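What you see is a predicted model; the values in this text were computed from it and never measured.
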Amino acid sequence: MKSCNIEFCGELSDKCKKNYLKENMKKLCIVALIVFIIVGGPLFIIGFVFHLWIFVTPVIAIVFLASLAAPLSLKQVSFKKIFPVRVIIENEEIAALNSDQYADLNSKSGGIDSLCFEGSFTIQINSVSDVKKIIDYGEWYRIIFYSKHIETEHICQKDLIVKGTIEEFEKLFEGQIERRLTNGDGSICCK
């Protein structure tokens with residue numbers, strides 16, 4: 001792959017944030033349902049087989065409520081920590097900074113090499129070769145990386161590019177970009 005410097009900088013639009021949260025909320029709901037089935041299913045069977053409904057019913061209710069609360073916890077997280085305000089692609093590496101990290105590093109100049117460890121946080125740096133796929137939603141990209149445990153990703157809004165061009169970005173990731181259509185309100189309608 002050819003090395004190029006591309007940078008997206010600025011706050012994501014409300015439409016972009018809304019779609020990103022909607023996609024992640026769906027994932028959290030699926031995980032919560034799976035946890036409820038794994039934990040609640042055996043409890044239901046134990047209650048049925050051993051006639052322990054008085055003891056098992058409150059536990060199942062608590063597991064159900066905890067499963068419902070998990071996706072809602074996403075809304076309680078500080079959005080400043082979720083959304084990147086700066087994504088840098090340089091020297092075959094990709095780094096994303098949220099607003100807290102960007103504010104701390106704003107006084108420094110330099111590329112990815114200057115973004116190793118700063119204070120109490122670590123900036124995640126991925127290799128360009130670790131990109132699993134990029135989903136193009138029209139106005140923004142979702143960069144998804146290969147990972148052993150959880151899917152990591154960065155968001156880049158096209159009109160926030162400050163270094164390089166969209167053409168350079170798409171050429172760098174040629175063959176990995178999956179385009180998805182959106183409705184006029186920004187909601188995703190199909191693949």
Applying the side-chain contact (heavy atoms from CB on, under 4.5 Å) test to Glu168, which of Thr165, Leu172, Ile166 qualifies?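 Considering Thr165, Leu172, Ile166, a side-chain contact (heavy atoms from CB on, under 4.5 Å) with Glu168 is found only for Thr165.
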
Taking the side chain as C-beta and beyond, is there a heavy-atom pair between [X] and [Y] under 4.5 Å?
{"X": "Asn126", "Y": "Val131", "answer": "no"}
{"X": "Gln157", "Y": "Phe83", "answer": "no"}
{"X": "Cys156", "Y": "Ile161", "answer": "no"}
{"X": "Phe173", "Y": "Val128", "answer": "yes"}

According to a hydrophobic-cluster definition based on side-chain heavy atoms being under 4.5 Å apart (Ile, Leu, Val, Met, Phe, Trp, Tyr only), do Val49 and Trp53 belong together?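 Yes: a chain of side-chain contacts under 4.5 Å links Val49 to Trp53.
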
Hydrophobic clustering (ILVMFWY, side-chain heavy atoms < 4.5 Å, transitive) - are Phe44 and Ile37 grouped together?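 No: no chain of side-chain contacts under 4.5 Å links Ile37 to Phe44.
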
Could you give me the CA-CA distance, side-chain angles and deciding distance for Ile60 and Phe36, then say whether side chain to side chain contact (heavy atoms under 4.5 Å, CB included) is met? CA-CA 9 Å; Ile60 290 175; Phe36 176 70; 4.2 Å; yes

Interatomic spacing from CD1 in Ile89 to CZ in Phe8 - rounded to 0.5 Å: 5.5 Å

Could you check, using the six-membered ring where one of them is a Trp, whether Tyr141 and Phe169 have ring centers closer than 6.0 angstrom?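 Yes, close enough.
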
Tell me, please, which residues at least two apart from Lys163 pass salt bridge (Lys or Arg N to Asp or Glu O under 4.0 Å).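 Result, salt bridge (Lys or Arg N to Asp or Glu O under 4.0 Å) vs Lys163: Glu7.
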
Whether Lys133 side chain and Ile144 backbone form a donor-acceptor pair below 3.5 Å: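 Not confirmed, Lys133 side chain does not pair with Ile144 backbone.
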
Which residue, Lys158, Arg142, Arg180, forms the side-chain hydrogen bond (donor to acceptor under 3.5 Å, both in side chains) with Asp136?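 Considering Lys158, Arg142, Arg180, a side-chain hydrogen bond (donor to acceptor under 3.5 Å, both in side chains) with Asp136 is found only for Lys158.
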
